[in-house]
Amino acid sequence: MALRTLFSKKAFTTASGFRPIAAGDRCFLRQARGLTVAALPDLAYDYGALEPAISGEIMRLHHQKHHQAYVTNYNNALEQLETAMAKGDASAVVRLQSAIKFNGGGHINHSIFWKNLKPVNEGGGEPPHSTLGWAIDTDFCSLEALVQKMNAEGAALQGSGWVWLALDKGSKKLSVETTANQDPLVSKGANLVPLLGIDVWEHAYYLQVHTDLYCYMFTT
């Protein structure tokens with residue numbers, strides 16, 4: 001599955017030195033560093049299209065509130081980074097790295113997550129077939145074994161994070177990986193390509209899980 005992010009293809013490169021830059025040179029600075037703003041992607045389906053598996057209200061909040069927050073905070077951090085670099089403020093540049101990583105990772109991860117989902121009437125929920133199906137059978141013995149492994153890895157993940165089905169471009173094998181918080185899969189290795197990402201953050205499911213639990217408690 002091709003991975004397409006909302007970022008420019010330009011690579012992010014850090015400065016090798018700092019020097020004061022006039023305000024009018026900010027556009028040049030952004031281009032020179034390969035910095036580009038992020039944008040919230042449109043979904044290819046309606047918010048309610050995944051019901052009853054995921055409620056439309058959860059999808060709307062997840063997309064419009066949580067993903068949008070990562071986009072907004074990432075862009076704000078980039079703007080602050082430009083200012084810090086223009087001023088030669090090395091301590092501010094270092095401090096902003098964590099905000100850029102966290103919010104940029106949240107944007108990348110969620111952009112993948114939306115593309116992993118598809119309504120049933122468009123083929124969602126169908127078992128993998130062809131090359132991917134064969135690779136799953138080869139590397140995990142069966143789809144059921146893969147599902148069990150991903151469930152176990154997600155349950156064992158402390159705090160919030162992601163569970164990934166990854167392709168190692170070097171070994172040509174599939175693996176299950178986890179990343180903490182909003183770390184993207186690339187943080188585990190440049191050869192790893194995300195094929196499927198499962199959001200283990202509570203914000204992806206909390207309304208439905210809490211509602212289902214409430215209904216269960218008061219109907220038993």
Side-chain angles (χ1 to χ4, degrees), residues 1 3-7 38 40-41 43-45 47-74 98-119 124-125 127-128 132 136 139-140 142-168 173-214 216:
M1 178 178 64
L3 168 62
R4 185 182 68 177
T5 69
L6 275 293
F7 293 109
L40 185 70
L43 301 187
Y45 40 81
Y47 289 132
L50 304 178
E51 292 183 343
I54 305 179
S55 78
E57 182 64 8
I58 290 175
M59 289 293 292
R60 184 184 66 79
L61 289 173
H62 197 174
H63 182 248
Q64 293 184 2
K65 180 180 178 181
H66 295 287
H67 190 168
Q68 180 63 64
Y70 294 122
V71 169
T72 299
N73 292 334
Y74 175 80
S98 60
I100 291 173
K101 177 185 178 183
F102 178 78
N103 292 292
H107 174 53
I108 291 172
N109 293 344
H110 283 86
S111 296
I112 297 170
F113 180 73
W114 307 129
K115 293 181 181 297
N116 286 160
L117 303 174
K118 183 180 290 188
L132 179 57
I136 290 174
D139 296 332
F140 299 101
S142 69
L143 175 61
E144 291 72 21
L146 171 61
V147 171
Q148 290 178 5
K149 182 172 179 60
M150 296 191 76
N151 285 341
E153 293 286 347
L157 190 61
Q158 295 183 356
S160 299
W162 292 76
V163 180
W164 303 95
L165 173 62
L167 170 65
D168 188 315
K173 291 187 176 297
L174 301 178
S175 65
V176 173
E177 307 287 341
T178 61
T179 56
N181 299 314
Q182 290 297 350
D183 289 357
L185 182 60
V186 69
S187 64
K188 299 292 290 288
N191 279 339
L192 295 176
V193 177
L195 302 181
L196 173 68
I198 299 176
D199 191 345
V200 188
W201 282 72
E202 185 180 343
H203 68 226
Y205 318 100
Y206 66 104
L207 290 180
Q208 195 163 2
V209 171
H210 288 182
T211 300
D212 289 349
L213 178 59
Y214 179 88
Y216 174 80

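These numbers come from the heavy atoms of this one structure, side chains and all, not from hydrogens, waters or symmetry mates.
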Side-chain donor-acceptor pair present, Gln182, Trp162, cut-off under 3.5 Å = yes
Validation row: Leu132, Leu174 side chains within 4.5 angstrom (heavy atoms) | yes
Minimal non-hydrogen separation, Asn116 against Leu195, with atom names = ND2-O, 3.4 Å
Return the orientation label for the His107 and His67 ring planes: parallel under 30°, perpendicular over 60°, tilted otherwise.
-> tilted
For residues Phe102 and Tyr70, establish whether the separation of their ring centroids is below 6.0 Å.
-> yes
Sidechain-backbone polar pair: Ser187 side chain, Pro184 backbone, donor-acceptor under 3.5 Å | yes
Exercise: do Trp201 and His66 side chains pair donor with acceptor under 3.5 Å | no
Out of curiosity, Leu165 CG to Glu153 CD, how far, rounded to the nearest 0.5 Å?
-> 12.0 Å
To the nearest 0.5 Å, tell me how far Asn103 CG sits from Ser98 OG.
-> 9.0 Å
Exceeds 12 heavy-atom contacts within 6.0 angstrom, atom NZ of Lys188 = yes
Can you list the steps and then say if Leu192 with Trp164 is a side-chain contact (heavy atoms from CB on, under 4.5 Å)?
-> CA-CA 10 Å; Leu192 295 176; Trp164 303 95; over 6 Å; no
In Å and rounded to the nearest 0.5 Å, what is the CD1 to NZ distance from Ile58 to Lys65?
-> 12.5 Å
Aromatic ring proximity His62/Phe113, centre distance under 6.0 Å = yes
Working to the nearest 0.5 Å, report the span between NE2 of His110 and CD of Gln68.
-> 12.0 Å
Which residues share a side chain to side chain contact (heavy atoms under 4.5 Å, CB included) with Lys173, sequence neighbours left out = Asp139, Ser171
Answer with yes or no whether the side chains of Glu177 and Ser175 bring together a donor and an acceptor at under 3.5 Å.
-> yes
Out of curiosity, Asn109 CG to Leu185 CG, how far, rounded to the nearest 0.5 Å?
-> 8.5 Å
What pair of heavy atoms forms the shortest contact from Ile112 to Pro194, and how long is it?
-> CD1-CG, 3.7 Å
Nearest heavy atoms of Leu143 and Pro128, plus distance in Å = CD2-CD, 3.9 Å
Say you draw a straight line from CD of Glu144 to OG of Ser142; how long is it, rounded to the nearest 0.5 Å?
-> 4.5 Å
Of all heavy-atom pairs between Met59 and Leu43, which one has the smallest distance, and what is that distance?
-> CE-CD1, 4.2 Å
